[in-house]
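What you see below is based on every heavy atom in this structure, not just the backbone, and it leaves out hydrogens, waters and symmetry mates. When a ligand or atom number is given, it counts from 1 through the structure's own listing order.
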Amino acid sequence: MTQDASAPPDKRELLEQLEAAGQQHVLTFWEELSSDRQRALAADLTAIDMAEINRLFRGQGGDDDWAALAERAQPPPAFRLGGDDEEFSLEQAHERGRAALAEGQVGVVLVAGGQGTRLGFDHPKGMFSVGPVSGASLFQILIEGVVAVARTYGKSVPLYLMTSHATHEATIAFLDEHDRFGLPQEDLHVFQQGTMPAVDAETGKLLLAEKGRLFVSPDGHGGMLAAFNRSGAMADVEARGIRQLFYLQIDNPLTCVCDEALIGYHVKSGSQLSTQVVAKQHPTDRVGNVVSIDGQVRIIEYSDLPAAIATQTNDDGSLRLWAGNTAVHVFDTDFLRRMSGEAAGLPFHLARKKVPYVDASGQLIRPESPNAIKFERFIFDLLPSARQAIAVEIDRQKAYAPVKNAPGSNDSTPAAAQAQMVALHTEWLRAAGVEVHAQVDDGVAIEISPLYARHADEVSGRVAVGTRITEATYLGSPT
Ligand code: UTP
């Protein structure tokens, strides 16, 4: 839509454009609005591509026919745990990853713009306290991960942190309050993703959050592609000579930030976009399926993979489509730059959600069941465009414990993530010869900050063999 944002909004002109798209109902309360609110609403409407919204709602230009694609899905090109017939070993990959980090050519992208509705936490998810002993927030654990990498390799590691209109201000205030958890100011680049309106699931009509305000939500983690460029993050990456970007999401406290093996496999394979994967535990595991379709790596959401295909097995009984997406990736900067020129081409995925809205009589309705369609872009839709995309397997127990759902849910809860952190860190200490007498089952927990150790072998350099631990212990930054 077009309108001059500085001029007083012309209702007639707006109405004409809205009528052409069948969306004129959004001006129902126009006369009740102050001129400032009229101006704000007009600006919001002007920013929307109404034809695109209508096209997406009618099912044109949105989701693929996943059932048909799944028919042709094969396992992806992958480096498997314990694989012995690979081009290069885990040790060689580690070494290459260490070299890339020592050369200071790696930056980190952390996406934290989601609304975290399933967790039911009233702040950005990054502020959620998950440390089993320390109570550290997800932001603290993951940012300490970045700081730890910088300390280990003696190079600055820039963090590009994506927020959204829903999380930006609270995130900035939280990071300021905690001095960015030790990350130097010049190494933190916060950028905000865009938004998309939601429409009524039956009619395709835009929804009003208030009489003078459209309901909008963050445009998906794929919104990163456009926002990264727009915000100047890409220019910063180029100025610093960063060649790989390690991408992670805010909800997995077990992510090994800048995992050397993943970076190493990526570089050694000449991959432009690599994905860390876990072996699926069962056919309907709630992880995206990393597959290869017609020679291109793609991700099929668990909800889109037909059961008949998900349950297919190999001769040894293992799942044929075995690779589950952990949402940890490594991007080549050159690839990301090239793709950012085509950011508008990333497809939108449609999701049915519960969205409160103002109805025609001006009442705020809080629906009991999903009433709306939201449109989101997914960053992994870049995979088919990447040369040599690969999957790299990691042990789920050691690296994947996303906090998605509210306490008490069946899976992906804060308690499940904490139990996994305690089990892993207890294992690290035992491997270093520490006698750990208490277990999480007894209500006594062990937690290790990335500042203390990022890997098991770093623990042995820090503790004496035979040390006894009998109570809740948090090993933070060594003094
Ligand atoms: P999820 O898909 O789990 O969505 O995001 P969410 O918004 O956090 O949670 P629900 O679905 O409302 O419960 C996975 C990752 O992608 C980020 C999230 O912050 C999280 O790190 N994300 C998601 C964004 O940065 N922007 C978005 O628009 C959506």
Side-chain angles (χ1 to χ4, degrees), residues 108-128 130 137-139 141-143 145-146 159-168 170-171 174-175 189-198 215-228 230-231 233 245-255 257 275-276 286-288 299 301-304 324-329 343 346-356 370 372-382 400-414 416-417:
V108 176
V109 178
L110 172 58
V111 295
Q115 290 172 301
T117 43
R118 286 170 288 172
L119 183 60
F121 177 59
D122 210 15
H123 305 279
K125 200 189 269 190
M127 291 167 61
F128 189 79
V130 73
S137 61
L138 286 159
F139 274 136
I141 292 169
L142 296 174
I143 294 177
V146 181
L159 170 63
Y160 303 93
L161 173 64
M162 186 166 87
T163 58
S164 64
H165 74 294
T167 65
H168 188 76
T171 298
F174 186 70
L175 296 185
H189 186 117
V190 183
F191 66 105
Q192 226 184 116
Q193 66 179 107
T195 56
M196 275 295 274
F215 179 93
V216 294
S217 52
D219 57 356
H221 42 69
M224 178 220 140
L225 188 60
F228 200 70
R230 196 170 56 224
S231 67
L245 287 164
F246 187 94
Y247 167 102
L248 71 158
Q249 303 192 334
I250 194 58
D251 43 31
N252 179 13
L254 278 189
T255 308
V257 178
T275 302
Q276 195 167 64
R286 292 164 79 86
V287 282
I299 292 184
E301 289 279 67
Y302 56 83
S303 46
D304 289 326
N325 178 27
T326 65
V328 171
H329 305 283
L346 266 192
F348 278 102
H349 296 251
L350 280 56
R352 279 184 171 253
K353 300 270 169 151
K354 272 194 280 186
V355 168
I373 290 179
K374 285 188 183 178
F375 306 102
E376 290 197 352
R377 286 185 159 125
F378 295 163
I379 198 67
F380 55 68
D381 280 324
L382 287 176
Y400 187 59
V403 175
K404 296 278 186 196
N405 298 322
S409 310
N410 288 339
D411 57 56
S412 305
T413 57

Chemist: Does ligand 1 have any atom sitting under 4.0 Å from a heavy atom of Ser164?
Modeler: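 In this structure, Ser164 fails to qualify as a contact of ligand 1 - no heavy atom is under 4.0 Å.
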
Chemist: Please confirm whether the backbone N or O of Asn325 pairs with a side-chain atom of Thr275, one donor and one acceptor, at under 3.5 Å?
Modeler: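 No: the side chain of Thr275 does not pair with the backbone of Asn325.
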
Chemist: Starting from atom 8 (O) of ligand 1, what is the nearest protein heavy atom, named by residue and atom, and what distance separates them?
Modeler: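 For atom 8 (O) of ligand 1, the nearest protein heavy atom comes out as Gly116 N, 3.7 Å.
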
Chemist: Kindly write out the residues that satisfy side chain to side chain contact (heavy atoms under 4.5 Å, CB included) with Ala351, not counting sequence neighbours, or none if the list is empty.
Modeler: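 If we apply the side chain to side chain contact (heavy atoms under 4.5 Å, CB included) test to Ala351, skipping adjacent residues, the hits are Lys353.
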
Chemist: Please compare Gln115, His221, Met162, Gln193 and report which has the shortest non-hydrogen distance to atom 16 (O) of ligand 1.
Modeler: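 Looking at heavy atoms only, the winner is His221.
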
Chemist: Quick one: does Gly223 get a heavy atom under 4.0 Å from ligand 1?
Modeler: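 The answer is no, since Gly223 has no heavy atom less than 4.0 Å from ligand 1.
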
Chemist: May I ask you to identify the nearest protein heavy atom to atom 12 (O) of ligand 1, giving residue, atom name and distance to one decimal place in Å?
Modeler: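 In this structure, atom 12 (O) of ligand 1 has Thr117 OG1, 2.5 Å as its nearest protein heavy atom.
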
Chemist: Which residue holds the protein heavy atom closest to atom 25 (O) of ligand 1, what is that atom called, and what is the gap in Å?
Modeler: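 Checking every protein heavy atom, the shortest distance to atom 25 (O) of ligand 1 gives Gly113 N, 2.8 Å.
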
Chemist: Mark yes or no for whether Ser231, through its side chain, and Ala227, through its backbone, hold a donor-acceptor pair below 3.5 Å.
Modeler: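 Here the side-chain-to-backbone pair exists.
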
Chemist: Among all the protein's non-hydrogen atoms, which is closest to atom 19 (O) of ligand 1, and how far away is it?
Modeler: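 Its nearest protein heavy-atom neighbour is Gly114 N, 2.9 Å.
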
Chemist: Tell me which part of Pro218 gets within contact of ligand 1: side chain, backbone, both or neither, using heavy atoms under 4.0 Å.
Modeler: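 It is both backbone and side chain that touch ligand 1.
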
Chemist: Do the side chain of Gln192 and the main chain of His165 share a donor and acceptor less than 3.5 angstrom apart?
Modeler: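 It does hold such a pair.
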
Chemist: Give a yes or no on whether the ring-centroid distance for Phe375 and His349 is below 6.0 angstrom.
Modeler: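 Between His349 and Phe375, which both carry aromatic rings, the centre distance is not below 6.0 Å.
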
Chemist: Note the single closest protein heavy atom to atom 2 (O) of ligand 1, along with its residue, its atom name and the distance in Å.
Modeler: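 Heavy-atom neighbour on the protein nearest atom 2 (O) of ligand 1: Arg118 NH2, 4.0 Å.
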
Chemist: Quick one: side chain to side chain contact (heavy atoms under 4.5 Å, CB included) partners of Ser409, sequence neighbours excluded?
Modeler: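 Listed in chain order: Asn405, Ala406, Thr413.
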
Chemist: For the residue pair Tyr247 and His329, does the interplanar ring angle fall in the parallel (under 30°), tilted (30 to 60°) or perpendicular (over 60°) class?
Modeler: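 Ring orientation, 0 to 90° scale: tilted.
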
Chemist: Would you give the length of the straight line joining atom CG of Leu346 to atom CE of Met224, rounded to the nearest 0.5 angstrom?
Modeler: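 If I round to the nearest 0.5 Å, the distance is 10.0 Å.
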
Chemist: Can you name the atoms of ligand 1, numbered from 1 with element, that are less than 4.0 Å from a heavy atom of Lys404?
Modeler: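 Heavy-atom distances to Lys404 below 4.0 Å select 1 (P), 3 (O), 14 (C).
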
Chemist: For atom 14 (C) of ligand 1, what's the nearest protein heavy-atom neighbour? Residue, atom name and distance, please.
Modeler: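 So the nearest neighbour among protein heavy atoms is Gln249 OE1, 3.2 Å.
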
Chemist: So which protein heavy atom does atom 28 (O) of ligand 1 come closest to, and at what separation?
Modeler: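 Minimum-distance protein heavy atom for atom 28 (O) of ligand 1 reads Gly220 N, 2.8 Å.
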
